[in-house]
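Nothing fancy with the numbering, it's 1 onward along the sequence.
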Amino acid sequence: MKPLLDTRAIRSIEMAALADGVPLMQRAGTQAANWISEHYPHARKILVLAGPGNNGGDALILANVLAQRQIDTMLLVVYPDSNYQSEALQAWQAYTGTRITESNFPESADLVVDGVFGLGLRRPLDPHAQSCLRLAAALGCPVIALDLPSGVNPDTGAVDPATIAATHTLTFLAEKPGLHTGKAKDYCGTITLFDLGITVSDEANAGHLLSPHSITPFLERLQRKHDTHKGSFGCVEVIGGDKGMVGAPLLAARAALYAGAGKIRAHFLAPHAPTVDLLHPELMLSNGLDWHYRPEVTVQTLGPGLGQSEAARRLVADVLRQSPTPLLLDADALNLIAESPDLQTFLLQRPNGTTILTPHPREAARLLNCTVTEVQMDRISTARTLSSHFQSICILKGAGTVIAAPDGRYWLNQSGNAALSCAGQGDLLAGLIGGLLAQHLSPLESALSGVMVHGLAGDLWLQAKNRGLGLISQEILPIFRKILNNR
């Protein structure tokens, strides 16, 4: 898994490399220029925006390299009175391309390179930078961002309103967490890493990018031996489904079935819920207020379609107090816990690391008594705070889903797309994770695997559907099975 480094860690690496005489700026600018020459060989008119810091220095060197290759390179230095480092200053003084200002801004370009601001920006973009970026965006051509799009927070993924959405981001030294979650996912385009010849150790690093390769060792452990029976693969119980919402636990139960769980029970709070699933009669269904813990149950998923009635609150309390099994809490189970100090106490009394929380941003905001905006401004910190406070695995859903562990580690998921923004996907994810957990993966392994597989299923579905419109949740159930079987 690729490590994710925050600004402080990146700065430390930069300082050590510069102390050893490594020409980081020269390497960054030259490698970015080589990438552009390879991937945009027909771009003959390129606009480069250079800012005042190291990011602008990379841009100056890139512009100089492109100009020396006889490419019509137009350079806009956003802050021309800035004091550049020696490498950037030499490139600026030796520049042979066209120098422009806002007053003689070009009417067209084949490509824009955004090198205005990088890691160091910790304030809103000022009016001058906003004006330059707006002019560049109005050209309507592909945009290449150096290190990160100007205005994207490298640590949180928060985005300044004036930020240009990049077609590609060429990032340097190491992956930054902010490029891979939240609003930034819509501004970074395709991300390519240039390590600049620096080896980054991930031994003490808290964050990692979750990739399909990351979960391969977990899925290999699901390979079945001959001498087994259905009880060998656990019993998942899904609990929820108040009036008008019985479909939610059915979806979760079906996902557990397609994930390979040996037995699946679905208990509905609604007293007149179905007693058989005609589509999947393998499922065992029960309903009413007479829930009690069954020793055969090895994993529980609580919350899909549960509602927030007093009966639902009592059911959550009973499960939290009575159940010794690994437990996934989703949807209204989380909303009820957010409103009740007693339920929070019951949750905290469970053994550390045996519970998985799967909030979307609004549910996370309720649990932390903050706003959705605050959650989305720093999704990583939100997930880590929830995980630490409740001593549970936390899966903060959304663009670049964050999986956080109580020990402070976190992962950002790279799979999935907006086609999954439809009713029922949270229920399917909850059931999928429960099904994996029943087959003896740990809560953390199940969370990582479930999130990745769910996203991959959405990606496979999108390949045949172009715009990603109209996904019916159950369509991806057989895709779960295909991915888990490596077929």
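- For Pro326, the side-chain contact (heavy atoms from CB on, under 4.5 Å) partners at least two apart in sequence or on another chain are Leu437.
- Taking the ring pair (Phe, Tyr, Trp, His ring centres under 6.0 Å) definition, one finds that His39 meets it with Trp35, sequence neighbours left out.
- Smallest separation of non-hydrogen atoms from Asn55 and Gly118: CB-N, 3.6 Å.
- Listed by first and then second residue, the salt bridge (Lys or Arg N to Asp or Glu O under 4.0 Å) pairs that reach into residues 159-169 come to none, sequence neighbours excluded.
- Looking only at atom types and distance, the side chain of Thr371 has a donor-acceptor partner in the side chain of Glu374 under 3.5 Å away.
- Under the 3.5 Å distance criterion, with hydrogens and angles disregarded, no donor-acceptor pair is assigned to the side chains of Asp342 and Ser340.
- The salt bridge (Lys or Arg N to Asp or Glu O under 4.0 Å) analysis of residues 274-303, with sequence neighbours excluded, yields the pairs Glu237-Arg294, Arg254-Asp277, Lys263-Glu296, Arg265-Glu296.
- A search for side-chain hydrogen bond (donor to acceptor under 3.5 Å, both in side chains) contacts involving Thr385 returns nothing, not counting sequence neighbours.
- Residues satisfying the side-chain contact (heavy atoms from CB on, under 4.5 Å) criterion with Ala270, sequence neighbours excluded, are Asp242, Lys243, Val246, Ala273.
- Within the structure, salt bridge (Lys or Arg N to Asp or Glu O under 4.0 Å) pairs that include any residue of residues 392-402 comprise Asp330-Lys397 (at least two apart or interchain).
- Ile433 and Gly450 get closest at one heavy-atom pair: CG1-CA, 3.9 Å.
- Using a 4.5 Å heavy-atom cutoff, the side chains of Leu471 and Lys465 are not in contact.
- Between Ser150 and the options Leu121, Leu49, Thr163, Leu133, a side chain to side chain contact (heavy atoms under 4.5 Å, CB included) holds for only Leu133.
- Side chains of Arg350 and Ser392: a donor-acceptor N/O pair is absent below 3.5 angstrom, by distance only.
- With sequence neighbours left out, the ring pair (Phe, Tyr, Trp, His ring centres under 6.0 Å) criterion links Phe218 to no other residue.
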Decide yes or no on side chain to side chain donor-acceptor pair (under 3.5 Å) for His454 and Gln425, but give the supporting numbers first. CA-CA 9 Å; His454 180 254; Gln425 290 299 333; 2.7 Å; yes
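- Gln300 and Ser323 share a donor-acceptor pair across their side chains, judged by distance under 3.5 Å alone.
- Applying the salt bridge (Lys or Arg N to Asp or Glu O under 4.0 Å) test to residues at least two apart or on different chains, the pairs with a partner in residues 172-184 are Lys2-Glu175, Asp147-Lys176.
- Note: His168 and Tyr40 have perpendicular aromatic rings, judged against thresholds of 30 and 60 degrees for the angle between ring planes.
- Scanning for side-chain hydrogen bond (donor to acceptor under 3.5 Å, both in side chains) contacts around Arg11 gives Glu14, with sequence neighbours left out.
- With sequence neighbours excluded, no residue satisfies side-chain hydrogen bond (donor to acceptor under 3.5 Å, both in side chains) with Arg384.
- Taking the charged nitrogens against the carboxylate oxygens, Lys225 and Asp227 have no contact shorter than 4.0 Å, which rules out a salt bridge.
- In this structure, Arg221 pairs ionically with Glu445, as a charged nitrogen and a carboxylate oxygen lie closer than 4.0 Å.
- Residues passing the side-chain hydrogen bond (donor to acceptor under 3.5 Å, both in side chains) test with Asp195, sequence neighbours excluded: none.
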